[in-house]
Amino acid sequence: MSADRITLKGLRARGRHGVLAAERELGQEFVVDATLFLDTAPAAAGDDLTKTVHYGELAQALAAVVEGEPVELIETLAQRLADVCLANELVHKAEVSVHKPAAPIPVPFDDVIVTIERSRG
């Protein structure tokens with residue numbers, strides 16, 4: 001397996017995910033980091049976009065998931081995002097972090113982050 005990676009970091013999109021009714025109604029910003037593990041050598045050898053992941057299209061697809069159907073848990077959201085990453089047959093593993101910096105926590109904090117790693121089964 002190749003150690004090559006493509007990372008999209010800090011993707012921001014507004015979603016309505018959370019357990020509380022106010023989170024579903026008002027929504028909030030989520031931040032996504034996604035690292036895809038794949039072999040980039042074929043793309044580099046031929047300077048061929050079709051042999052790698054188009055990160056612009058990936059960004060749009062991930063944003064659509066965040067902006068789409070609400071879920072209660074950011075763990076569920078992370079899984080849906082990982083599924084998008086693994087939909088490209090070139091990707092053999094994906095690591096996805098979902099940040100929820102405006103989580104309704106009554107004490108000061110910087111961020112809540114759920115990170116998952118999924119491999120093609």
Which heavy-atom pair separates [X] from [Y] by the least distance, and what is that distance?
X: A103; Y: Q28; result: N-OE1, 3.7 Å
X: A59; Y: L11; result: O-CD2, 3.8 Å
X: R16; Y: G68; result: NH2-O, 4.2 Å
X: F109; Y: I105; result: CE2-CB, 3.7 Å
X: A41; Y: D4; result: N-OD2, 3.9 Å
X: V84; Y: A61; result: CG1-CB, 3.8 Å

Side chains of [X] and [Y]: does their closest heavy-atom pair fall under 4.5 Å?
X: L77; Y: V65; answer: yes
X: E72; Y: E23; answer: no
X: T115; Y: E95; answer: yes
X: E69; Y: R80; answer: yes

#### Entry: NE2-CZ distance between H17 and R24, expressed to the nearest 0.5 angstrom
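Taking NE2 in H17 and CZ in R24, the distance rounds to 8.5 Å.
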
### Joint hydrophobic cluster, V71 plus V112, side-chain heavy atoms closer than 4.5 Å
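Linked within one cluster.
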
### Query
V98, V31: one ILVMFWY side-chain cluster at the under-4.5 Å cut-off?
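Unlinked, V98 and V31 end up in two clusters.
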
Looking at [options], which hits side-chain contact (heavy atoms from CB on, under 4.5 Å) with [X]?
X: C85; options: L58, L38, T35; answer: L58
X: T52; options: T50, L49, D48; answer: L49
X: R118; options: D83, L81, L86; answer: L86

Using only atom types and a distance under 3.5 Å, with no angle test, would you say the side chain of [X] pairs donor to acceptor with the backbone of [Y]?
X: R14; Y: G27; result: yes
X: H99; Y: I113; result: no
X: N88; Y: V53; result: no

### H92 and F37 aromatic ring geometry - parallel, tilted or perpendicular at 30°/60° bounds
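If you compare the ring of F37 with that of H92, the planes turn out tilted.
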
